[in-house]
Amino acid sequence: MRAVTLSRHGDESVLELTEQPVPDPADGQLLIKVRAAGVNPVDWKFREGAVSTDRPFPLGMGWDVAGTVVTTTTADGPGVGDEVYGMLPLPYAGAYQEFAVLPVSAVAPKPVELSFAQAAAVPLAALTAWQSLDAAQLTAGQRVLIHGGAGGVGHFAVQLAKARGAHVTATTSPRNLAFLRRLGVDEPLDRTEEHPHAVEPVDVVIDTVGGRTQQESWRALRPGGVLITLPEPIDETYRIPGITGRRVVVAPDGEALRRIGQLIDSGAVQVEVQDVLPLEKAAEAQLISRTGQVRGKLVLSL
Ligand SMILES: NC(=O)c1ccc[n+]([C@@H]2O[C@H](COP(=O)([O-])OP(=O)(O)OC[C@H]3O[C@@H](n4cnc5c(N)ncnc54)[C@H](OP(=O)(O)O)[C@@H]3O)[C@@H](O)[C@H]2O)c1
């Protein structure tokens, strides 16, 4: 099968399109014919060596797949020919390739309203948003501030928070303010202005940006509030007593994906795909992702 692999860590030039054996599904796993693979920042972080794995080179790439079940090893879950989407377990990449192996517990039916390319944009980013809102125990009527609201995780987080009945404030650059309004954000904030301290104290902050944004997030929270950060661990220097702060690390979850799929099919959650590139352009896709300016998601088609 055709697969994007790397034989050493480095910049995007280490990505190669190679021929690899079709993987064998173990018990409890599915073999999926990949129709599209999502691109996430963790892909290029992994390529650069910032995410460790116990697997030897050559390593595969990517965690998000949408495709069709070819082989199943279990009577539970989807059958041969079913259209599914799912996230591989971290840190075992292997989505930028013609066939992928996933635990049956990590997949769900592909939302019927979505193409394969749109479906591949969903798993890792939407699960991250879902699990972050769960970790913060966000409830209806609460106020949440989402930093990076136009990105892969952010655009799902704002919509899932609205679906939970929260009041949503989100930061973005000026060119994406109208986009956030379209997604239902109550208060889109221009991140180039001095905002995080100007907002009324919030119950929850979801930080998809990190660095200075994480440091300043503490001051946007009410006493008893919750800060969830994604790019990096909490920097203890800035912690404010009485506020909970923790990092969430996403995990595959087929049941959550099934529920997210229902929200998508009901029209409550939209999937924004900035661009779909062919598998051969994986390096270009990662270069674009690395700019940190993608609106929604990038996807590779197979
Ligand atoms: N811990 C985990 O399990 C986990 C899971 C998923 C992702 N992550 C990490 O979380 C981060 C976000 O992931 P992602 O997939 O959402 O990335 P992404 O799609 O590349 O995010 C790009 C978005 O970030 C926005 N942005 C950039 N700088 C910003 C700033 N200073 N303030 C507000 N918005 C800013 C950009 O919008 P504007 O240009 O309009 O501002 C752009 O739309 C990455 O570091 C990723 O590795 C962690």
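Counting convention: from 1, in listed order, for ligands and their atoms alike.
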Which atoms from ligand 1 have a heavy atom of [X] less than 4.0 Å away?
X    : result
A150 : 43 (O)
N176 : 38 (P), 40 (O)
L124 : 6 (C)
G148 : 33 (C), 34 (N)

Could you find the nearest protein heavy atom to [atom] and give me its residue, atom name and distance?
atom                    : value
atom 21 (O) of ligand 1 : G151 CA, 3.7 Å
atom 40 (O) of ligand 1 : S173 OG, 2.5 Å
atom 16 (O) of ligand 1 : V153 N, 2.9 Å
atom 45 (O) of ligand 1 : K45 NZ, 2.8 Å
atom 17 (O) of ligand 1 : P41 CG, 3.4 Å
atom 9 (C) of ligand 1  : P231 CA, 4.0 Å

Close N or O approach ([X], ligand 1; < 3.5 Å):
X    : result
N40  : no
V294 : yes
V250 : yes
L230 : yes
T128 : no
V42  : no
R295 : no
Q293 : no
H147 : no
G152 : yes

From the options [options], select the one whose nearest heavy atom is closest to [atom].
atom                    : options                : answer
atom 29 (C) of ligand 1 : R191, R212, Q131       : R191
atom 11 (C) of ligand 1 : T171, T208, V248, I146 : T208
atom 22 (C) of ligand 1 : G38, G292, G296        : G292

### Gap separating the CG atom of D265 from the NZ atom of K110, nearest 0.5 angstrom
8.5 Å
### Query
Quick one: does L160's side chain get under 4.5 Å of V269's, heavy atoms only?
yes
Establish, from distance only, whether the side-chain atoms of [X] and [Y] form a donor-acceptor pair under 3.5 Å.
X    : Y    : result
H147 : T213 : no
Q97  : R2   : no
D64  : Y85  : no

### Message
Looking at F179, I'd like to know if the NZ or CZ of R295 sits under 6.0 Å from its six-membered ring centre while staying within 45 degrees of the ring's axis.
### Response
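Yes, R295 lies over the aromatic ring of F179.
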### Basic-acidic side-chain contact under 4.0 Å: E48, K45
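Looking at E48 and K45, the cut-off is not met.
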### Query
Which atom pair, heavy atoms only, marks the closest approach of Q214 to T229?
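Between these two residues, the closest heavy atoms are NE2-OG1, 3.5 Å.
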### Task
Determine the minimum heavy-atom distance between D207 and S217, stating which atoms define it.
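In this case the closest contact between D207 and S217 is CB-OG, 4.4 Å.
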### Task
Answer yes if the ring centres of W63 and F46 are under 6.0 angstrom apart, and no otherwise.
yes
### Message
Take a 6.0 Å sphere around CZ of R259 and say whether it holds more than 12 heavy atoms from other residues, nucleotides or ligands.
### Response
no
### Query
So does E232 have more than 12 non-hydrogen atoms from other groups sitting under 6.0 Å from CD?
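Enclosed.
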### Query
Taking Y92 for the side chain and T53 for the main chain, is one N or O donor matched with an acceptor at less than 3.5 Å?
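No, because the side chain of Y92 does not come within donor-acceptor range (under 3.5 Å) of the backbone of T53.
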